Chemist: 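Please find one structure pasted underneath; my questions will follow.
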Amino acid sequence: QVQLVESGGGLVQAGGSLRLSCAASGSTFSIDTMGWYRQAPGKQREMVASRRRFGSTSYADSVKGRFTFSRDNAKNTVYLQMNSLKPEDTAVYYCNAETSTYYRESYPDDYWGQGTQVTVSS
C-alpha cells in the first residue's frame, strides 16, 4: 500500500504563487505515474500535471506556462509550483499515484491524497 500526504495549500490573491508538496510512503517501489488533479465545486476532477517515474510531464492546457511539476524520485515526493494564480484555479488539489503495470495484480490501481484547498481571491 501507498500513503500520500499533501501540504502547501492556502489562500492567495490573484497573481500570487503557492507550492504544493506530496510525499509518498509505503510501497513506493510499486508507483509509476504521479500527478496532481483538482476539483472545483460543481465540476469534475481534472488532471493538472503528471509524470511517469521516468518520463516527461503532461500539463492541462489551462495551467501551461504558469504551473511547474517536479518529481524527486529519491524522496518519493512531487511538487506543484503554481505561479500567476487565477481565481479559476480555486479548487481542492489532490495528489495521485498510479501503480506500475508490473504490480497491478498485487496492489490497487492507484491512490489519492486527502486533498488540499487552494483558494485564489480576485
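In this text, all values refer to a predicted model and were calculated from it rather than measured experimentally.
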Chemist: Minimum heavy-atom separation for E6 and Y93, please, with both atom names.
Modeler: OE2-O, 4.0 Å

Chemist: Search all heavy atoms of V48 against all heavy atoms of L80 and return the closest pair with its distance.
Modeler: CG1-CD2, 4.1 Å

Chemist: Say whether, by atom type as modelled, one donor and one acceptor occur between the side chain of D109 and the main chain of E98 under 3.5 angstrom.
Modeler: no

Chemist: Determine, stepwise, if the pair S70 / Q81 fulfils side chain to side chain contact (heavy atoms under 4.5 Å, CB included).
Modeler: CA-CA 8 Å; S70 58; Q81 178 66 45; over 6 Å; no

Chemist: Taking ring-ring contact (aromatic ring centres under 6.0 Å, His included) as the definition, give me every residue that meets it alongside Y37, ordered by chain and number, with sequence neighbours left out.
Modeler: W112

Chemist: Which ILVMFWY residues can you reach from V5 by hopping between side chains whose heavy atoms are under 4.5 Å apart?
Modeler: none

Chemist: How close do A49 and T57 get, heavy atom to heavy atom, and via which atoms?
Modeler: CB-CG2, 4.4 Å

Chemist: Among the clusters formed by ILVMFWY side chains lying less than 4.5 Å apart, do M47 and Y59 turn up in the same one?
Modeler: no

Chemist: Which pairs with one or both residues in residues 22-34 pass salt bridge (charged side-chain N to carboxylate O under 4.0 Å, His left out), sequence neighbours excluded?
Modeler: D32-R52

Chemist: Taking side chain as C-beta onward, heavy atoms only, is S58 less than 4.5 Å from S50?
Modeler: yes

Chemist: So, using side-chain hydrogen bond (donor to acceptor under 3.5 Å, both in side chains) as the criterion, who are the partners of T28 when residues are at least two apart?
Modeler: N76

Chemist: Can you pull the disulfide bond (SG atoms under 2.5 Å apart) pairs that have at least one residue in residues 27-79, sequence neighbours excluded?
Modeler: none

Chemist: If we only count heavy atoms from C-beta on, is the Y94 to Q39 side-chain gap below 4.5 Å?
Modeler: yes

Chemist: Any side-chain heavy atom of I31 within less than 4.5 Å of one from V2?
Modeler: yes

Chemist: Give me each pair satisfying disulfide bond (SG atoms under 2.5 Å apart) with a member in residues 30-85, each pair once, sequence neighbours excluded.
Modeler: none

Chemist: I'd like a table of donor-acceptor pairs (distance under 3.5 Å, sequence neighbours excluded) in which one partner is a side-chain atom from residues 9-26, with atom names and distances.
Modeler:
from, atom 1, to, atom 2, distance (Å)
S17, OG, N83, OD1, 2.9
S25, OG, Q3, OE1, 3.4

Chemist: Sequence neighbours left out, what passes salt bridge (Lys or Arg N to Asp or Glu O under 4.0 Å) with R66? Give chain and number order.
Modeler: D89

Chemist: Less than 4.5 Å apart, any side-chain heavy atom of Y111 and any of N96?
Modeler: no

Chemist: Sort and list the pairs that fulfil salt bridge (charged side-chain N to carboxylate O under 4.0 Å, His left out) and have at least one residue in residues 39-51, not counting sequence neighbours.
Modeler: R38-E46

Chemist: Given side chains that start at C-beta, do those of N73 and R53 come closer than 4.5 Å, heavy atoms only?
Modeler: yes

Chemist: Indicate every side-chain donor-acceptor pair of residues 101-108 with a distance under 3.5 Å to a residue at least two apart or in another chain.
Modeler:
from, atom 1, to, atom 2, distance (Å)
R104, NE, T99, O, 2.8
R104, NH2, T99, O, 3.0

Chemist: Calculate, to the nearest 0.5 Å, the distance between atoms CE and CZ belonging to M82 and F69 respectively.
Modeler: 13.0 Å

Chemist: Can you list the residues that meet the salt bridge (Lys or Arg N to Asp or Glu O under 4.0 Å) rule with E88, with sequence neighbours excluded?
Modeler: none

Chemist: In chain order, what residues pass the salt bridge (Lys or Arg N to Asp or Glu O under 4.0 Å) check against K64, with sequence neighbours excluded?
Modeler: D61

